[in-house]
Amino acid sequence: MRSEILTKRIIAAAASGLLMIVLCLAVTCNAFAADNDQPADRQVWFTYEYTDCIGKHFSLEKDDIGYYQEPSYYGTEMMMCDSDHVIQVKGDGVTENNVTLTSLNPDVLEVDGEGHVTIHKTGKAEIKATIKADEKYKECTVYLGVTVGKHNGWIETDPVCYEGRSPLWGLDLDTSDDPQKLVVSLRPGASVKFTSDNTDVLLVDQNGVVTPVAAGNTLVRFDVDDGGGRYNAGYFLERIYVTGEDQRSDQQITGDAGPFTIDWHDGLQLDLQAMTGLEYSVVSGSFASVDQNGHVVFTQAGTARIRVTALPSGEYRPAEITITITARDYAAEEAARIEAEKAAQAAEAQKAAALKAEIAAAKALGKPVLKVRALRGRKNKLTWKKVLNADGYIVYLKYPGRKKYVKAVTKNATVKSVTHKGLSRGTVYRYKIRAFKTVNGKTYYGPFSKVKKAKAR
């Protein structure tokens with residue numbers, strides 16, 4: 001058996017400026033190859049499909065993921081917020097059954113046998129792909145260098161507008177205007193906090209609702225979070241101008257504004273006051289209702305938001321608060337918890353029984369029936385019958401004049417023959433074989449076959 005391994009390299013992407021790890025193609029040829037005397041080198045490459053964080057599907061071919069000098073150099077970038085990452089290998093003699101994919105950096109990302117990638121954190125990683133040898137081609141190994149990064153949490157084109165108004169109108173208000181809501185175009189899962197630099201000119205709440213106070217201008221800061229670690233957290237600023245004057249007095253809505261948690265059967269009576277009359281409305285939660293006395297009723301469990309507005313008058317400006325009410329069904333939650341515990345216990349018992357049965361099958365592996373036949377051209381051909389439940393087979397060889405057998409080659413369960421080449425004519429070689437099966441990380445071996453021998457000719 002002989003192998004050639006080319007040195008790994010790092011290639012910098014010229015146009016995008018993104019660092020991509022690229023590694024050399026490694027090709028390994030096995031002395032226990034198929035009957036073809038001269039297996040050919042392969043040409044193979046990677047493809048990559050994913051869905052970006054705003055739902056657009058992309059399919060990248062070899063030229064898109066770092067196909068630089070020859071089919072042995074690859075590199076690409078993945079983003080934390082993207083989903084449905086699938087890596088595939090294509091090329092000479094590549095099928096869905098002869099490729100093994102392995103992540104060399106499982107703390108950054110993992111890849112399963114079908115090429116589905118699970119990202120854990122930002123960083124650099126390598127995915128190794130091994131294509132098994134067959135009668136026509138040699139075994140070979142290629143590597144995909146991956147840089148895992150993050151987008152910003154917002155979509156930068158026209159990031160801010162008033163609700164219902166185009167950014168072309170400008171971010172300006174009159175002190176006599178009703179409150180307006182600032183809307184930021186965010187990627188899914190991100191959220192934004194608002195801060196007014198000058199509260200004497202403008203007030204802004206954490207829902208983005210801005211209320212003009214006096215003529216002037218102020219900067220509003222938009223802090224966008226990391227969406228649970230999927231994005232780069234950051235901020236940007238917008239200047240808002242307030243014109244005109246409003247001589248009315250400020251007012252506040254007083255009383256207990258929650259948030260509240262109740263059983264949904266009970267309902268809730270809000271007790272709030274203001275200098276003018278109050279109006280109540282449901283902002284979200286179709287299963288909740290509120291009358292104009294502040295009595296809230298639920299028809300099921302859930303979370304509702306109730307808006308309370310102090311009406312404006314010639315003397316007072318309007319005021320508004322939003323109250324969050326979470327209604328729970330405590331009896332149903334307890335019943336669900338008990339059922340979940342029972343289901344978990346049953347699943348664990350079923351898993352243990354399945355593992356026990358698999359171990360029993362591994363311990364009961366049968367003895368392979370081995371045949372050896374000498375062929376012209378100084379080679380011996382070994383064949384054997386399939387062993388039930390085996391994951392593969394190990395062939396052992398005893399050279400003339402030696403006392404011990406050595407492990408010659410390991411094959412998977414689909415292989416039932418192998419050819420030993422390059423022998424010394426007239427020399428007798430002895431062989432034996434046994435099956436193996438791996439269960440839960442432990443490998444079990446079946447009994448050895450009878451020793452078979454053949455004289456090379």
Side-chain angles (χ1 to χ4, degrees), residues 16-19 50-58 76-85 108-109 117-125 146-173 177-213 216-242 258-259 283-285 303 305 307 320-324 326:
S16 64
L18 298 173
L19 178 61
Y50 67 97
T51 301
D52 72 8
C53 59
I54 58 175
K56 186 176 180 181
H57 181 76
F58 289 89
T76 191
E77 184 181 46
M78 298 181 183
M79 307 304 288
M80 289 288 294
C81 60
D82 296 339
S83 62
D84 303 325
H85 303 269
V108 177
L109 57 81
V117 177
T118 302
I119 294 176
H120 298 303
K121 66 178 182 179
T122 58
K124 297 179 177 64
V146 179
T147 298
V148 179
K150 298 180 182 180
H151 287 302
N152 291 322
W154 71 92
I155 302 170
E156 297 183 5
T157 304
D158 296 334
V160 184
C161 66
Y162 290 129
E163 190 172 69
R165 293 166 64 175
S166 166
L168 298 178
W169 287 52
L171 298 176
D172 60 325
L173 291 171
D177 283 350
D178 291 332
Q180 294 284 336
K181 185 175 182 179
L182 291 171
V183 178
V184 181
S185 182
L186 298 174
R187 289 187 164 86
S191 61
V192 60
K193 293 182 179 178
F194 307 89
T195 307
S196 173
D197 187 55
N198 188 348
T199 56
D200 291 335
V201 173
L202 183 76
L203 298 175
V204 57
D205 68 15
Q206 291 314 302
N207 295 313
V209 177
V210 293
T211 303
V213 177
N217 69 84
T218 182
L219 285 172
V220 174
R221 174 176 170 132
F222 302 80
D223 286 282
V224 182
D225 69 16
D226 62 3
R230 292 181 295 174
Y231 310 112
N232 290 312
Y235 73 92
F236 56 92
L237 300 171
E238 292 285 351
R239 186 172 296 278
I240 298 180
Y241 297 89
V242 179
V283 178
S284 64
T303 297
R305 297 173 66 237
R307 179 183 292 124
E320 183 178 281
I321 61 172
T322 300
I323 297 175
T324 300
T326 300

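Scope of the values below: all heavy atoms of this structure, side chains included, with no hydrogens, waters or symmetry mates.
- Between the side chain of R221 and the backbone N or O of D197, no donor-acceptor pair lies under 3.5 Å.
- Interatomic distance, M78 CE to T122 OG1, rounded to the nearest 0.5 Å: 14.0 Å.
- Put simply, OG1 on T322 and CG on N207 are 5.5 Å apart, with the number rounded to the nearest 0.5 Å.
- Side-chain contact between L203 and V213 is present, with heavy atoms from C-beta onward closer than 4.5 Å.
- Taking the side chain as every heavy atom from C-beta outward, T303 and T324 approach each other to under 4.5 Å.
- Scanning all heavy atoms of the two residues, the minimum distance from R187 to N152 falls at NH1-O, 2.7 Å.
- A heavy-atom distance below 4.5 Å is found between the side chains of I119 and M80.
- Between the side chain of D225 and the main chain of S191, a donor-acceptor pair closer than 3.5 Å is present.
- Rounded to the nearest 0.5 angstrom, C53 SG and K150 NZ are separated by 13.5 Å.
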- Message: L202 vs L173, test: side chain to side chain contact (heavy atoms under 4.5 Å, CB included). Steps then yes/no.
- Response: CA-CA 9 Å; L202 183 76; L173 291 171; 4.0 Å; yes
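- Using a 4.5 Å heavy-atom threshold, the side chains of V201 and N217 count as separate.
- R239 is linked by a salt bridge (Lys or Arg N to Asp or Glu O under 4.0 Å) to nothing, counting only residues two or more places apart in sequence or in another chain.
- Note that OG1 of T195 is 6.0 Å distant from CD of Q206, once rounded to the nearest 0.5 Å.
- Between W154 and F222, the ring centre distance reaches or exceeds 6.0 Å.
- Using a distance-only test at 3.5 Å, with no hydrogens or angles considered, no donor-acceptor pair links the side chain of S196 to the main chain of V204.
- In this structure, L219 CG and I240 CD1 are separated by 9.0 Å, a value rounded to the nearest 0.5 Å.
- For H85 against Y50, the heavy-atom pair with the smallest separation is ND1-CB, 3.8 Å.
- In this structure, Y235 places its OH atom where only 12 or fewer heavy-atom neighbours from other residues, nucleotides or ligands lie under 6.0 Å away.
- Here the closest heavy-atom approach between residue Y231 and residue C81 is recorded as CE2-CB, 3.2 Å.
- Of all non-hydrogen atoms in V224 and A190, the two that sit nearest each other are CG1-CB, 4.2 Å.
- Annotation for L171 and Y162: closest pair C-OH, 3.5 Å, computed over non-hydrogen atoms.
- Here D52 contributes atom CG and H151 contributes atom NE2; the two are 6.5 Å apart, rounded to the nearest 0.5 Å.
- F194 places a side-chain heavy atom less than 4.5 Å from the side chain of V184.
- Scanning both residues, V209 and P179, for their nearest heavy atoms gives CG1-CB, 3.8 Å.
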